[in-house]
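This structure is a prediction, so every number in the text was calculated from the model and none was measured.
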Amino acid sequence: MPEPAQTWNDVDTYFTDLLAPAEDVFAEALAASDAAGLPPIAVAPNQGKLLRLLAETQGARRVLEIGTLGGYSTLWLAGALPADGKLVTLEYEPRHAEVARANLDRAGYAETVEIRVGAALDSLAALAEEKPEPFDFVFIDADKVNNPGYVTWALALTRPGSLIVIDNVVRGGAVTDPRSTDPSVVGTRGALDLVAREPRLSATAVQTVGSKGYDGFALARVVA
């Protein structure tokens, strides 16, 4: 029998080829990110398609993304927006933001997507001071240490009915270990504990396997 990881890859490839076939703009974005030396940690294509479907199902007009990298997931989310939609994405590394900007401009999203560069917690505080229209959909996929803060700000910047997705919550299974000192595990557990305690959120989390290994995501709906 094939190794589990090979099976996961094969199934991801099958699903992607059948249901989320490659478009030039996505292949170009990944190639540009690779050429610039960005880490190969963008979401898988079938996961990107899931983000788009969730945002479309939500009827999202305004999307907030925390963690841009090279803009690959941003492209999927931007494709869900109507003509008057807006996506704000936050990126710590100026070089990553530069690559993402080129990828998004090439895809025709120069006016749709705003990239804000800097520490995301600072960017979120500045964004809140502007008193923006609430976001319909939030995707959290940045450093895991600050996930509790990101969830707190996501709740402040959304409305009842909004959807919040937190990526990479399984940490290869380490999320179950309350004694872990890994900052990413501690941050992830803190965010999940916050979500569980928050009466304004209804949430679940799902394990996944695939080309990105063993991981998962949490899905929270703002209910009040």
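- Residue Val165 is not grouped with residue Val169 when hydrophobic side chains (ILVMFWY) are merged at heavy-atom distances under 4.5 angstrom, including chains of intermediate members.
- When all heavy atoms of Leu75 and Ala107 are compared, the pair lying nearest together is CD2-CB, 3.5 Å.
- Looking at Asp143 and Tyr92, their side chains never bring a donor and an acceptor atom within 3.5 Å of each other.
- The closest side-chain heavy-atom distance from Val206 to Leu219 is not below 4.5 Å.
- Nearest approach of Ser33 to Gly70, heavy atoms of both residues: OG-CA, 3.6 Å.
- Here the straight-line distance linking atom OG1 of Thr188 with atom CD1 of Ile140 works out to 10.5 Å at 0.5 Å rounding.
- When each of Ile166, Thr204, Val170, Leu50 is tested with Phe217 by the rule side chain to side chain contact (heavy atoms under 4.5 Å, CB included), just one qualifies, namely Leu50.
- Pro39 places a side-chain heavy atom less than 4.5 Å from the side chain of His96.
- Cluster annotation: Leu30 and Trp76 are assigned to the same hydrophobic cluster (Ile/Leu/Val/Met/Phe/Trp/Tyr, side-chain heavy-atom contacts under 4.5 Å, transitive).
- A donor-acceptor pair shorter than 3.5 Å cannot be found between the side chains of Asp12 and Asn9.
- The two residues Arg106 and Ala32 make their nearest non-hydrogen contact at NH2-CB, 4.4 Å.
- Residues Glu114 and Thr89 bring no donor and acceptor atom of their side chains to less than 3.5 Å of each other.
- Linking Ile, Leu, Val, Met, Phe, Trp and Tyr residues whenever their side-chain heavy atoms come within less than 4.5 Å places Val88 and Val151 in a single cluster.
- Leu157 has its side chain within reach of Leu124: a pair of non-hydrogen atoms, C-beta onward, lies under 4.5 Å apart.
- Residues Glu56 and Leu81 have side chains not in contact (no heavy-atom distance under 4.5 Å, counting atoms from C-beta outward).
- When all heavy atoms of Ala100 and Gly71 are compared, the closest pair comes out as CB-N, 3.7 Å.
- Remark: Phe15 CZ to Ser211 OG distance equals 12.0 Å, nearest 0.5 Å.
- Hydrophobic clustering places Val113 together with Phe139 (ILVMFWY residues linked when any side-chain heavy atoms are closer than 4.5 Å, directly or through intermediates).
- The CG atom of Leu53 sits 13.0 Å away from the CD atom of Gln58 when rounded to the nearest 0.5 Å.
- Side-chain contact between Pro21 and Thr16: absent, with no pair of heavy atoms (C-beta onward) separated by less than 4.5 Å.
- For Asp84, the CG atom is densely surrounded, since the number of other residues' heavy atoms within 6.0 Å is greater than 12.
- Side-chain atoms of Val63 and Phe135, non-hydrogen and from C-beta on, never get closer than 4.5 Å to each other.
- A distance of 14.5 Å separates CG of Leu38 from OH of Tyr72, quoted to the nearest 0.5 Å.
- Distance check: Ile66 CD1 to Ser123 OG gives 9.5 Å after rounding to the nearest 0.5 Å.
- The side-chain heavy atoms of Thr158 and Pro134, taken from C-beta on, include no pair separated by under 4.5 Å.
- Nearest heavy atom pair, residue Asn147 against residue Gly187, reads CB-O, 3.7 Å.
- Contact detail for Ser73 and Leu51: the closest heavy-atom pair is CB-CD1, 4.2 Å.
- Side-chain N or O atoms of Glu91 include one that pairs as donor or acceptor with a backbone N or O of Leu69 at under 3.5 Å.
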Practice problem: Give the intermediate values and the outcome of salt bridge (charged side-chain N to carboxylate O under 4.0 Å, His left out) for residues Glu98 and Arg95. | Solution: CA-CA 5 Å; Glu98 180 182 339; Arg95 177 56 178 154; 3.2 Å; yes

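- Leu201 has its side chain within reach of Ile164: a pair of non-hydrogen atoms, C-beta onward, lies under 4.5 Å apart.
- Using a cutoff of 4.0 Å between basic side-chain nitrogens and carboxylate oxygens, Arg179 and Asp182 are not scored as salt-bridged.
- Salt bridge status for Asp177 with Arg189: absent, with no side-chain N to carboxylate O gap under 4.0 Å.
- Looking at Arg221 and Glu198, no side-chain N of the basic residue comes within less than 4.0 Å of a carboxylate O on the acidic one, giving no salt bridge.
- At distances below 3.5 Å, at least one donor-acceptor pair connects side-chain atoms of Lys212 with backbone N or O atoms of Ala42.
- Linking ILVMFWY side-chain heavy atoms closer than 4.5 Å, directly or via other members, places Leu87 and Leu127 in two distinct hydrophobic clusters.
- Side chain of Lys144 to main chain of Val185: no donor-acceptor pair is present (N/O by atom type, distance under 3.5 Å, no hydrogens or angles).
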Practice problem: Would you check, one step at a time, whether the test salt bridge (charged side-chain N to carboxylate O under 4.0 Å, His left out) holds for Glu133 with Arg61? | Solution: CA-CA 10 Å; Glu133 182 181 346; Arg61 287 184 52 256; 3.0 Å; yes

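- Remark: the backbone N or O of Leu121 is not paired with any side-chain donor or acceptor of Asn146 at under 3.5 angstrom.
- Annotation: the span from Leu64 atom CG to Trp153 atom CH2 amounts to 11.5 Å, rounded to 0.5 Å.
- A distance of 6.0 Å or more separates the ring centres of Tyr214 and Trp8.
- At distances below 3.5 Å, not a single donor-acceptor pair connects side-chain atoms of Ser162 with backbone N or O atoms of Val222.
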